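All remarks here apply to the structure that follows.
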Amino acid sequence: MEQEQEQGQDAPPSTSPTSTPPLLPPPPSSLSYAFFLTIMSKRRTWVFLFVLVYAILLSSSWNSLKSILSWYKNQSRSSSPSSGWPALYASVLLGAVFGVLSMAAALAVVVPATLVTWITIVVLLAFFGKPKRTLVLEGSKITREIASFVFKILLKEGNLVAAVCAVLGYFALVRKNSGE
């Protein structure tokens with residue numbers, strides 16, 4: 001009887017459809033992945049990343065604004081006061097910086113809204129009984145359409161902000177230069 005038990009233990013497990021595979025400890029890479037998922041599921045992590053990204057954006061834009069204004073100051077001293085070209089160049093650069101910054105800020109709002117919209121549409125298609133293959137094809141088409149629509153809106157809004165900031169910057173720089 002002991003021999004039968006030993007033979008039963010040495011034999012490979014049965015592969016019946018109802019048997020479950022033995023549980024193995026997760027490999028070390030999946031432990032780090034689980035740790036990563038645990039950290040990224042916390043709201044304060046996302047708040048920290050949001051604040052960090054915007055701090056980097058503001059710092060770099062502030063430095064570029066200071067360099068643009070110092071370039072303008074040097075150009076306005078060396079050129080004739082009636083020349084408006086340095087003010088035009090500086091205002092276009094200022095508008096571009098503010099346009100890019102506004103597009104980055106809008107992107108932080110647009111991405112979650114786009115994901116919610118996409119998920120809602122795909123779930124509604126699934127509720128209406130679309131087969132899985134059709135659902136995947138429709139989902140990829142919807143993804144392309146939503147992404148292109150959002151990209152077009154971001155470009156329009158960024159260009160609008162850039163144009164307004166460039167015009168306001170030009171008049172502010174010309175007024176400042178004429179006052180000196």
Side-chain angles (χ1 to χ4, degrees), residues 7-65 68 91-170:
Q7 287 176 352
Q9 289 177 354
D10 292 340
S14 66
T15 57
S16 67
T18 58
S19 69
T20 59
L23 295 175
L24 299 173
S29 64
S30 68
L31 288 176
S32 62
Y33 180 70
F35 179 69
F36 176 74
L37 285 179
T38 303
I39 288 177
M40 294 310 286
S41 67
K42 306 289 184 199
R43 182 175 294 182
R44 65 179 153 252
T45 302
W46 287 103
V47 169
F48 173 75
L49 288 175
F50 180 80
V51 169
L52 179 70
V53 166
Y54 277 100
I56 291 169
L57 277 173
L58 287 174
S59 172
S60 62
S61 63
W62 182 257
N63 290 336
S64 62
L65 289 175
I68 291 169
S91 64
V92 167
L93 288 174
L94 290 173
V97 167
F98 281 116
V100 169
L101 192 61
S102 71
M103 285 175 31
L107 195 62
V109 175
V110 165
V111 169
T114 303
L115 286 175
V116 168
T117 304
W118 181 80
I119 289 170
T120 304
I121 291 171
V122 171
V123 167
L124 286 173
L125 287 173
F127 278 145
F128 284 114
K130 293 271 188 180
K132 286 184 181 180
R133 282 193 176 186
T134 308
L135 194 60
V136 169
L137 291 174
E138 293 290 324
S140 64
K141 286 180 187 176
I142 290 168
T143 303
R144 275 194 302 270
E145 289 177 11
I146 290 174
S148 67
F149 184 70
V150 165
F151 184 71
K152 288 176 187 175
I153 289 175
L154 276 176
L155 280 179
K156 285 180 186 176
E157 288 182 5
N159 288 339
L160 178 68
V161 168
V164 168
C165 288
V167 168
L168 292 176
Y170 177 75

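Since the model is a prediction, treat every value here as computed from it, not as a measurement.
Closest of all the heavy-atom pairs between Val97 and Ser61 is CG1-CB, 3.9 Å. Taking both residues in full, the closest heavy atoms of Ser91 and Gly169 are given as CB-C, 3.8 Å, listed atom of the first, atom of the second, then distance. In this structure, Ser102 and Gly158 approach most closely via the heavy-atom pair OG-CA, 4.0 Å. Of all heavy-atom pairs spanning Phe98 and Leu65, the tightest one is CZ-CD1, 3.9 Å.
Legend: residues meeting side-chain contact (heavy atoms from CB on, under 4.5 Å) with Leu154, ordered by chain and number and at least two apart, are Ala106, Leu107, Val110, Val150. A search for side-chain contact (heavy atoms from CB on, under 4.5 Å) contacts involving Ile56 returns Leu52, not counting sequence neighbours. Residues satisfying the side-chain contact (heavy atoms from CB on, under 4.5 Å) test with Val123, not counting sequence neighbours, are Ile119, Phe127.
Here CG of Leu93 is found 4.5 Å from CD1 of Ile68. Values are rounded to the nearest 0.5 Å.
Listed by first and then second residue, the side-chain hydrogen bond (donor to acceptor under 3.5 Å, both in side chains) pairs that reach into residues 107-119 are Trp118-Thr143, sequence neighbours excluded. Listed by first and then second residue, the side-chain hydrogen bond (donor to acceptor under 3.5 Å, both in side chains) pairs that reach into residues 150-162 come to none, sequence neighbours excluded. Within the structure, side-chain hydrogen bond (donor to acceptor under 3.5 Å, both in side chains) contacts touching residues 119-140 (residues at least two apart or in different chains) do not occur.
Using a 4.5 Å cut-off on side-chain heavy atoms (C-beta onward), Leu58 and Leu101 make contact. At a threshold of 4.5 Å between non-hydrogen side-chain atoms, the residues Cys165 and Leu94 do not count as touching.
Without hydrogens or angle criteria, Ser148 side chain to Arg144 main chain gives a donor-acceptor distance under 3.5 Å.
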